[in-house]
Asker: 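Quick one: the structure is below, questions incoming.
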2 protein chains.
Amino acid sequence: MKIDPADIRKILRRYGLKATPQRVAVYEAMRELGHASADMVYQQASMALNTLTVATVYNVLESFVQAGLLQRRMSSNNKMYLDVNTYNHCHLYCEKTHSYKDYDDPELMLLIHNHFRNRKIRGFDLHRIDVQLVGQKRSSSRLK
Amino acid sequence: MKIDPADIRKILRRYGLKATPQRVAVYEAMRELGHASADMVYQQASMALNTLTVATVYNVLESFVQAGLLQRRMSSNNKMYLDVNTYNHCHLYCEKTHSYKDYDDPELMLLIHNHFRNRKIRGFDLHRIDVQLVGQKRSSSRLK
DNA sequence: GTTGATGCAAAGGCTTTGCAACTAA
DNA sequence: TTAGTTGCAAAGCCTTTGCATCAAC
């Protein structure tokens with residue numbers, strides 16, 4: 001589960017990013033968290049690199065999004081959330097805890113993809129279709 | 001297009017809300033805007049009621065959401081957005097301007113609805129399925 | 001008359017910025 | 001060497017809060 005820092009440096013360079021210790025720590029944190037707010041990343045990454053500052057976390061996250069290494073997620077609580085998986089997938093979104101969970105449903109993706117195959121939207125360049133299953137996780141359960 | 005204030009008061013009471021001038025102005029603004037941030041509502045509603053304050057707009061919007069008269073939307077720019085239409089519908093979301101446009105596609109809704117008819121998600125109470133067509137509006141075009 | 005809503009100003013939370021010091025390539 | 005990154009602290013933006021006053025019912 002734990003990734004070799006050398007591998008992370010490779011990934012960063014592949015995306016055209018300088019492999020600083022801060023970036024390695026942030027990406028490592030994102031790999032562990034999957035979906036996270038800036039603060040969650042800061043908490044997690046600080047464990048590995050205690051000189052890290054919040055401002056740097058924001059800078060690093062932004063550079064990752066620009067490079068296409070991470071994806072911003074939408075949220076309904078006015079906070080920034082990021083997703084380590086950039087391929088096209090659905091999410092469960094808990095309205096109470098504002099937590100996300102990947103929901104892989106290839107059949108659904110195909111259904112939607114086919115639906116839009118021959119459909120154009122006037123005046124709009126479609127980048128992706130974002131499907132969120134919005135609700136609440138049951139108390140017994142745990143999304144991450 | 002312009003709604004009779006008396007009708008707005010009726011709507012508010014139907015949702016168990018006191019019909020204050022502030023609430024009437026805010027709801028009127030939402031009907032005009034369709035989708036809006038708190039600030040947009042404040043700008044718009046202030047035209048009709050210049051004594052309105054920002055704090056009141058936030059209070060009113062929150063009470064509307066609680067009552068089910070408005071729906072919160074997800075966004076990727078850390079701001080609150082609201083939708084005057086609470087029925088289940090898709091949205092075009094412009095990543096550049098963070099503006100929304102309703103995208104009614106009954107065929108797609110049916111497709112998705114059927115897909116989930118006999119599907120349960122373990123540990124999750126599904127409230128609604130939110131489909132966003134994320135992209136950018138072309139410069140020639142205008143979403144609201 | 002009650003109960004809840006508003007206005008104001010202040011505080012709060014999250015994010016961004018400017019700039020000097022530093023470092024990966 | 002140097003172009004780009006980090007740390008720090010301050011500022012910025014959006015949202016919430018406490019409380020006295022006010023108004024809808």
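Since this is a predicted model, take the numbers as computed values, not measurements. Per chain, numbering begins at 1; letters A, B, ... match sequence-line order.
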Asker: Should B/Tyr93 and B/Lys101 count as side-chain neighbours, where that means a heavy-atom distance under 4.5 Å?
Answerer: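 A side-chain contact is absent here, since even the closest heavy-atom pair is not under 4.5 Å.
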Asker: Look at the side chain of A/Asp4 and the backbone N and O of A/Ala6, then say whether any donor-acceptor pair between them is shorter than 3.5 Å.
Answerer: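 Between the backbone of A/Ala6 and the side chain of A/Asp4 there is a qualifying donor-acceptor contact (under 3.5 Å).
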Asker: Would you indicate what A/Thr51 reaches in the nucleic acid, counting non-hydrogen atoms under 4.0 angstrom: base, sugar-phosphate, or nothing?
Answerer: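 If one applies the 4.0 Å heavy-atom cut-off, A/Thr51 turns out to touch the sugar-phosphate alone, with no base involved.
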Asker: Taking CG from A/Leu17 and C1' from C/dA24, how many angstroms apart are they, rounded to a whole number?
Answerer: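 About 13 Å, once rounded to whole Å.
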Asker: How many Å lie between CD on B/Glu62 and C1' on C/dG4, as a whole number?
Answerer: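 Interatomic distance, CD of B/Glu62 to C1' of C/dG4: 15 Å.
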Asker: If each of B/Asn78 and B/Ala55 is mapped to the nucleotide of DNA chain C with the nearest heavy atom, which maps nearer the 5' terminus, i.e. the 5' end?
Answerer: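 Its nearest nucleotide being more 5', the pick is B/Ala55.
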Asker: Side-chain contact test, heavy atoms from C-beta onward, threshold under 4.5 Å: evaluate it for B/Tyr81 versus B/His98 and give yes or no.
Answerer: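 Yes, at least one pair of side-chain atoms sits under 4.5 Å.
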Asker: On DNA chain D, nearest-nucleotide positions of B/Arg13 versus B/Arg72: which is more 5'?
Answerer: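 That would be B/Arg72.
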Asker: Of all the choices, C/dG7, D/dT6, D/dT15, which nucleotide is nearest to the side chain of B/Met80 once you look at every atom?
Answerer: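 Nearest to the side-chain atoms of B/Met80, counting from C-beta on, is D/dT15.
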Asker: Which label fits B/His91 and B/His35: parallel for a plane angle under 30°, tilted from 30 to 60°, or perpendicular past 60°?
Answerer: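 Perpendicular: the ring planes of B/His91 and B/His35 meet at over 60°.
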Asker: Specify the separation, in whole Å, of atom CG of B/Asn77 and atom C1' of C/dT16.
Answerer: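 Nearest whole value for this atom pair: 14 Å.
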Asker: Can you tell me if B/Tyr27 and B/Arg31 form a side-chain donor-acceptor pair at under 3.5 Å?
Answerer: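 Yes, side-chain donor-acceptor contact under 3.5 Å.
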Asker: Taking the nucleotide of DNA chain D with the nearest heavy atom to each, does B/Ala19 or B/Val54 sit closer to the 5' end?
Answerer: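 The residue whose closest nucleotide sits nearer the 5' end is B/Val54.
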Asker: When you get a sec, tell me which of C/dA5, D/dT15, C/dT17 is the closest nucleotide to the side chain of B/Tyr58?
Answerer: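 Side chain of B/Tyr58 sits closest to D/dT15.
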Asker: Below the 4.0 Å mark, does C/dC14 have OP1 or OP2 next to a side-chain nitrogen or oxygen of A/Ser37?
Answerer: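 Answer is no, no contact under 4.0 Å.
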Asker: Calculate the interatomic distance between A/Asn59 atom CG and D/dG7 atom P; express it in whole Å.
Answerer: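 It works out to 10 Å between those atoms.
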Asker: Does a side-chain N or O from A/Gln22 land closer than 4.0 Å to OP1 or OP2 of C/dT23, or not?
Answerer: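 For C/dT23, OP1/OP2 do not have a side-chain N/O of A/Gln22 under 4.0 Å.
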Asker: Output the rounded distance in Å from CG (A/Asp39) to P (C/dG12).
Answerer: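 The distance from CG of A/Asp39 to P of C/dG12 comes to 17 Å, rounded to the nearest Å.
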Asker: Between atom CG in B/Leu52 and atom P in C/dA5, what is the gap in whole Å?
Answerer: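 In whole Å, C/dA5 P and B/Leu52 CG are 15 Å from each other.
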Asker: In whole Å, what is the span from the NZ atom of B/Lys79 to the P atom of C/dT16?
Answerer: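 Rounded to whole Å, this separation is 13 Å.
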Asker: Under 4.0 Å between a side-chain N/O of A/Thr53 and OP1 or OP2 of D/dG7, yes or no?
Answerer: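 Yes, because at least one side-chain N or O of A/Thr53 sits under 4.0 Å from OP1 or OP2 of D/dG7.
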Asker: To the nearest angstrom, how far is A/Leu12 atom CG from C/dT23 atom P?
Answerer: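 In whole Å, C/dT23 P lies 18 Å from A/Leu12 CG.
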Asker: Looking only at side-chain atoms of B/Thr20, point me to the closest of C/dA24, D/dA24, C/dG7.
Answerer: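 Nucleotide nearest to B/Thr20's side chain: D/dA24.
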Asker: Among the candidates C/dC14, D/dT6, D/dT15, find the nucleotide nearest to the side-chain atoms of A/Arg23.
Answerer: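 Nearest listed nucleotide: D/dT6.
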Asker: A/Lys18 has a side chain; which of D/dT6, D/dT17, C/dA24 sits nearest to it?
Answerer: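 That would be C/dA24.
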